[in-house]
Amino acid sequence: MVDYNNGSDEVNVINISDLKKSYFLGDMEVPILHGIDLCIKKGEFVAIMGPSGSGKSTLMNMIGCLDRPTGGKVVLMGNDISSISDNELAELRGFEIGFVFQNFNLIPRLSAYENVMLPTYSNAKNGVDTVQRGKDLLKLVGLDDRMGHRPPELSGGQRQRVAIARSLVNDPSLILADEPTGNLDSKTSAEIMNIFSDLHKKGRTIVMITHDPEMEQYVDRVVYVKDGYIGNN
Ligand SMILES: Nc1ncnc2c1ncn2[C@@H]1O[C@H](COP(=O)(O)OP(=O)(O)OP(=O)(O)O)[C@@H](O)[C@H]1O
Ligand SMILES: [Mg+2]
């Protein structure tokens with residue numbers, strides 16, 4: 001079992017130093033992230049902004065344990081991800097990180113409720129009544145009357161609400177959202193942002209990639225990524 005609270009990194013959910021990431025195309029190394037330093041504290045709501053292709057999703061994939069860095073250090077909830085095993089990494093990802101994507105990433109043939117419950121089938125936290133939790137979360141996002149609907153029977157905004165409920169089902173320390181309002185109109189985007197805002201007020205740590213300057217009003221801090229570096233704007 002990973003120790004989620006060891007050492008002095010307890011307050012910083014994310015501690016990144018000199019993070020480098022390259023992709024390899026055949027023998028050719030293509031550097032994308034050139035040495036990123038970033039700390040995110042427990043309870044912070046942070047937006048990551050920057051031009052297309054600057055490395056925002058690549059950075060988020062490292063934070064989300066979906067990929068490993070080429071160099072530097074990523075410490076999540078006190079765990080140095082370069083020194084833990086693949087199993088521990090999967091456990092950290094499954095229990096402590098909730099993901100929300102631009103394209104919702106729901107399974108079309110499963111109901112809203114079944115989609116929300118999906119992460120609990122492989123990774124259920126002991127002692128959590130996940131059946132009740134799934135229902136409570138759909139209620140929280142305003143979909144208590146749509147639990148049996150499948151994604152094709154839901155609007156884009158409703159689909160994203162299901163995805164947000166799913167991201168919360170294992171009660172993660174951290175929510176990572178990659179352009180969660182990218183496919184939504186401005187009214188629906190505001191509704192989704194109000195849900196994130198409420199979660200933030202309840203103490204969740206949220207990191208969200210966005211292109212939309214309107215979103216700055218909801219967050220504590222904006223981090224700019226440009227050409228694989230963190231910049232001021
Ligand atoms: N798996 C991969 N293999 C090779 N190159 C990749 C891979 N994933 C991303 N890249 C390259 O890394 C660079 C950064 O991509 P990334 O997806 O992080 O950008 P982004 O800032 O999220 O852009 P956008 O705003 O368009 O989503 C791009 O030049 C991209 O082509
Ligand atoms: Mg991206």
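In listed order, ligands and their atoms are each counted from 1.
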Counting non-hydrogen protein atoms only, what is the nearest one to [atom]? Give residue, atom name and distance.
atom	answer
atom 5 (N) of ligand 1	Tyr23 CD1, 3.3 Å
atom 11 (C) of ligand 1	Ile32 CD1, 3.8 Å
atom 16 (P) of ligand 1	Thr58 OG1, 3.6 Å
atom 27 (O) of ligand 1	Glu179 OE2, 3.6 Å
atom 25 (O) of ligand 1	Lys56 NZ, 2.7 Å

* To do: Return yes when at least one N/O/S atom of Ser57 is nearer than 2.8 Å to the Mg ion (ligand 2), and no when none is.
  => yes
* Kindly write out the residues that satisfy ring-ring contact (aromatic ring centres under 6.0 Å, His included) with Phe196, not counting sequence neighbours, or none if the list is empty. => none
Is there a donor-acceptor contact under 3.5 Å from the side chain of [X] to the main chain of [Y]?
X	Y	result
Glu153	Arg150	yes
Arg166	Asn115	no
Asn79	Met77	yes
Lys21	Arg68	yes

* Can Asn87 and Glu91 be counted as having a side-chain donor-acceptor contact under 3.5 angstrom? -> no
* To do: Would you kindly say whether Asp220 and His200 are connected by a side-chain donor-acceptor distance under 3.5 Å?
  => yes
* **Verify same cluster id: Ile36, Tyr229 (apolar side-chain graph, 4.5 Å)** => no
* Asked: Out of Gly50, Ser52, Ser57, Ser54, whose heavy atom is nearest to atom 26 (O) of ligand 1?
  -> Ser52
* Have a look at Gly182, Pro51, Gly53, Ser22 and point out the one with the heavy atom closest to atom 23 (O) of ligand 1. => Gly53
* For atom 31 (O) of ligand 1, is the nearest protein heavy atom closer than 4.0 Å? -> no
* Does Met60 come within less than 4.0 angstrom of ligand 1, counting non-hydrogen atoms of the residue? -> no
* Structure fact -> Atoms of ligand 1 under 4.0 Å from any heavy atom of His211, numbered from 1 in the order shown, are 25 (O)
